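Here's the structure we're looking at; comments come further down.
Worth saying up front: this structure is predicted, and the values here are computed from it rather than measured.
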Amino acid sequence: TMVGAITTLIVIVAVFLALAIGLLGGAAFVQPALQEELQNQTDRLRRDLADRTRQIGDLREQIGALGGVAEATMPYLTSGKLSDTPIVLVSQVGVEDEVLAQAQGSLAQAGARILTTVSATEELVSDDPATQEQLALMLGAPTAPAEELPGLAADALAQRFSSQQVIGDDILAELLSAGFLAPVGAGPSAATLDEIGADGQVVVVLSGGRGEQPVLAPEAFAVPLTEQLAGLGLPVAAGESLLSDYDYVSLVRSNGAEGT
């Protein structure tokens, strides 16, 4: 009937009104609690961020102090220690310019004679098949997997640094010419290439760097180079920045390489 239909409609409207009131009431009840929890979480995050910022500031002050002490004392500690010692300095992609410059400066203060400075490039880990094939053929390992090529290049360089006797093509000159190594400053002259490998030479290898992922991982090139040099009985030094995000020197030490 008409009355029944109207009654039903009124009931339906009443139900919807009740639901709406309940939802609004519930929202009004829940929202302050949720807002309070979110505010508490925000406050905690702000406190954590402030703590981390203070810690970073403290670390920077400590590193700055250490750097100041090192800069002030280095001339007295190193002056003349490497008088006229021939040095081959090997760096790699990822090593900061400041670290390389500090190493060169320290060696100069010690009286060393830097024969050449070269840096391993990203071409050693290129994804290009033609580049990989070129490097493999250059190293005399045409079937070697791509991931082994940086280590093979390190082994070949260690052998080259250990002797002035070059049989066939000079692998150091080839790697430089092909862009797998890059000269820092003027490249080595023919006379310098002839001198590399002489008795009394020291090789300094720098690695490490900043960032989440190294272009050329230390364990792929710098570590095997350092270990191979030490195994051949050559004086070798490993260096990295205090702020390096990648382990290098610790890897060399943990592997027990002698002579470093």
Heavy atoms of Asp245 and Gly211 approach each other most closely as OD2-N, 2.7 Å
Taking all non-hydrogen atoms of both residues into account, name the closest pair between Leu229 and Val205 and its distance.
CD1-CG2, 4.3 Å
Given the options Ile196, Val88, Asp155, Arg160 meets side-chain contact (heavy atoms from CB on, under 4.5 Å) only with Ile196
ILVMFWY network linking Leu152 to Leu137, side-chain heavy atoms under 4.5 angstrom:
no
Which value, rounded to the nearest 0.5 Å, describes the distance between Leu193 atom CG and Leu115 atom CG?
10.0 Å
I'd like to know if the side chain of Tyr246 reaches the main chain of Glu219, judged simply by a donor and an acceptor atom lying under 3.5 Å from each other, with no hydrogens or angles considered.
no
Nearest heavy-atom pair of Glu195 and Gln201: which atoms, and what distance?
O-OE1, 4.3 Å
Could you go step by step and tell me if Thr192 and Ser189 meet the side chain to side chain donor-acceptor pair (under 3.5 Å) rule?
CA-CA 5 Å; Thr192 298; Ser189 64; 3.1 Å; yes
Looking only at side-chain N and O atoms, does Gln92 offer a donor or acceptor that is under 3.5 Å from a partner on Ser207?
yes
Are any of the side-chain heavy atoms of Leu175 and Leu135 separated by less than 4.5 Å?
yes
Would you call Leu100 and Glu96 a side-chain contact if the rule is heavy atoms closer than 4.5 Å?
no
Could you pull out the closest heavy-atom pair between Pro188 and Leu176, with the gap in Å?
CG-CD1, 3.6 Å
Between CZ of Arg253 and CG of Asp247, what distance do you get to the nearest 0.5 Å?
11.0 Å
Any idea which heavy atoms bring Ala112 and Ile87 closest together, and the distance?
CB-CG1, 3.5 Å
Counting heavy atoms not belonging to Asp199, are there more than 12 under 6.0 Å from its CG?
no
Does Ser254 use its side chain to pair, donor to acceptor, with the backbone of Leu251 at less than 3.5 Å?
yes
